[in-house]
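Computed over heavy atoms, backbone and side chain alike; hydrogens, waters and symmetry mates excluded.
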Amino acid sequence: MDRALEEFARHGYGASSINAICGGQDVSKGIIYHYFETKDALFLACVAECFQRLTEHIQTHLTGDRNGAEAQLEQYFRVRLAFFQANPVYRRIFCEAVVTPPAHLSTEILERRRGFDTMNIQILERILSCVQLRPSVTKADVVETFRQFQDFINARDQTVGLEESEFEAREESCRKAMDILLYGVIERRGSEDV
């Protein structure tokens, strides 16, 4: 798995091969095919590990304190970025799974990231519980808009590289989009603007 993670992290799904994963590691193709029927199955195992470890990291390190929505949002993105800084091998796998998944694996990838997506919705709902929504806006509206923001950011970021600084910029873009979603774009100076 370590060698497969490295290969997919370095070259992505499309340019990786079982031969490259086996090369120089004294790992036989037979062993790989004993555990994974195809390259697809091996990639999906790497995707599952990435999302499982990321979800566990966030759940472990996110304090969930009630310091307000803005502080919780900041903490979420700090914790998430810290995971990728400590585990750079997952960065490309995460981006590929979220931004440009291999088309024939899209459904299976969605299944493997379901726990992560569910956790994100729970975190968003917890953040929303700290604020009062406008009467015409429901939590379901915010969750759906959040999903649309995610889709937009993911579509826009298909050309973003995977260097650490570019990845950090992408994470900051996600944080900023969430900030705009929650607080809008108009500066509020007092109760007359509310």
Return yes if some donor-acceptor pair links the side-chain N/O of [X] with the main-chain N/O of [Y] below 3.5 Å, else return no.
X    : Y   : value
H61  : H57 : yes
R113 : V47 : no
R91  : N87 : no
T55  : F51 : yes
R92  : R10 : yes

**Geometric class of the F94/F84 ring pair [parallel <30°, tilted 30-60°, perpendicular >60°]** =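 Rings of F84 and F94: tilted, 30 to 60°.
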**Message:** Determine whether V89 and F8 satisfy the following criterion, side chain to side chain contact (heavy atoms under 4.5 Å, CB included), listing intermediate values before the conclusion.
**Reply:** CA-CA 9 Å; V89 73; F8 290 127; over 6 Å; no
**Verdict with supporting geometry, M178 and L124, side chain to side chain contact (heavy atoms under 4.5 Å, CB included)** = CA-CA 10 Å; M178 282 301 301; L124 178 58; 3.5 Å; yes
List the atom of [X], the atom of [Y], and the distance in Å for their closest heavy-atom pair.
X    : Y   : value
S16  : H11 : OG-CB, 3.7 Å
A15  : E7  : O-OE2, 4.2 Å
I127 : A69 : CG2-CB, 3.5 Å
E96  : G12 : OE1-CA, 3.3 Å

Rounded distance [0.5 Å steps], [atom1] in [X] versus [atom2] in [Y]:
X    : Y    : atom1 : atom2 : result
Q75  : I58  : CD    : CD1   : 10.5 Å
I121 : L128 : CD1   : CG    : 9.5 Å
S129 : Q72  : OG    : CD    : 7.0 Å
E49  : L54  : CD    : CG    : 12.0 Å
L5   : F43  : CG    : CZ    : 10.0 Å
F146 : I123 : CZ    : CD1   : 9.0 Å

**Prompt:** Would F83 and Y90 count as a close aromatic pair, with their ring centres under 6.0 Å?
**Reply:**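 Here the rings of Y90 and F83 have centres that are less than 6.0 Å from each other.
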**Request:** Report yes or no: is the cationic atom of K39 (NZ for Lys, CZ for Arg) closer than 6.0 Å to the six-membered ring centre of Y33, at no more than 45° off its axis?
**Result:**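 Output no; distance or angle outside limits.
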**Message:** Membership question, hydrophobic clusters at under 4.5 Å side-chain separation (ILVMFWY): are L44 and L110 in the same one?
**Reply:**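 Hydrophobic grouping puts L110 apart from L44.
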Is there a side-chain contact between [X] and [Y] in this structure, where contact means two heavy atoms from C-beta onward sitting under 4.5 Å apart?
X    : Y    : answer
R112 : C50  : no
L105 : Y13  : yes
I21  : I32  : yes
F77  : L81  : no
F116 : E56  : no
I109 : P102 : yes
V137 : R134 : yes
E70  : L182 : no

**Asked** Excluding sequence neighbours, so at least two apart, what forms salt bridge (Lys or Arg N to Asp or Glu O under 4.0 Å) with R80?
**Response**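 Partners of R80 under the salt bridge (Lys or Arg N to Asp or Glu O under 4.0 Å) test: E171.
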**Request:** Apply side chain to side chain contact (heavy atoms under 4.5 Å, CB included) to R126 and L62, showing your working.
**Result:** CA-CA 12 Å; R126 187 175 70 224; L62 200 63; 3.3 Å; yes
**Prompt:** So does R175 pair up with E74, basic N to acidic O under 4.0 Å?
**Reply:**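 The answer is yes: the pair qualifies as a salt bridge.
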**Request:** For side chain to side chain donor-acceptor pair (under 3.5 Å), just list the numbers for H104 and D40, CA-CA rounded to whole Å, side-chain angles, deciding distance to a tenth of an Å, and then say yes or no.
**Result:** CA-CA 9 Å; H104 70 289; D40 290 354; 3.1 Å; yes
**Request:** Could you please spell out the steps behind the side chain to side chain contact (heavy atoms under 4.5 Å, CB included) verdict for L133 and T138?
**Result:** CA-CA 7 Å; L133 298 176; T138 66; 5.8 Å; no
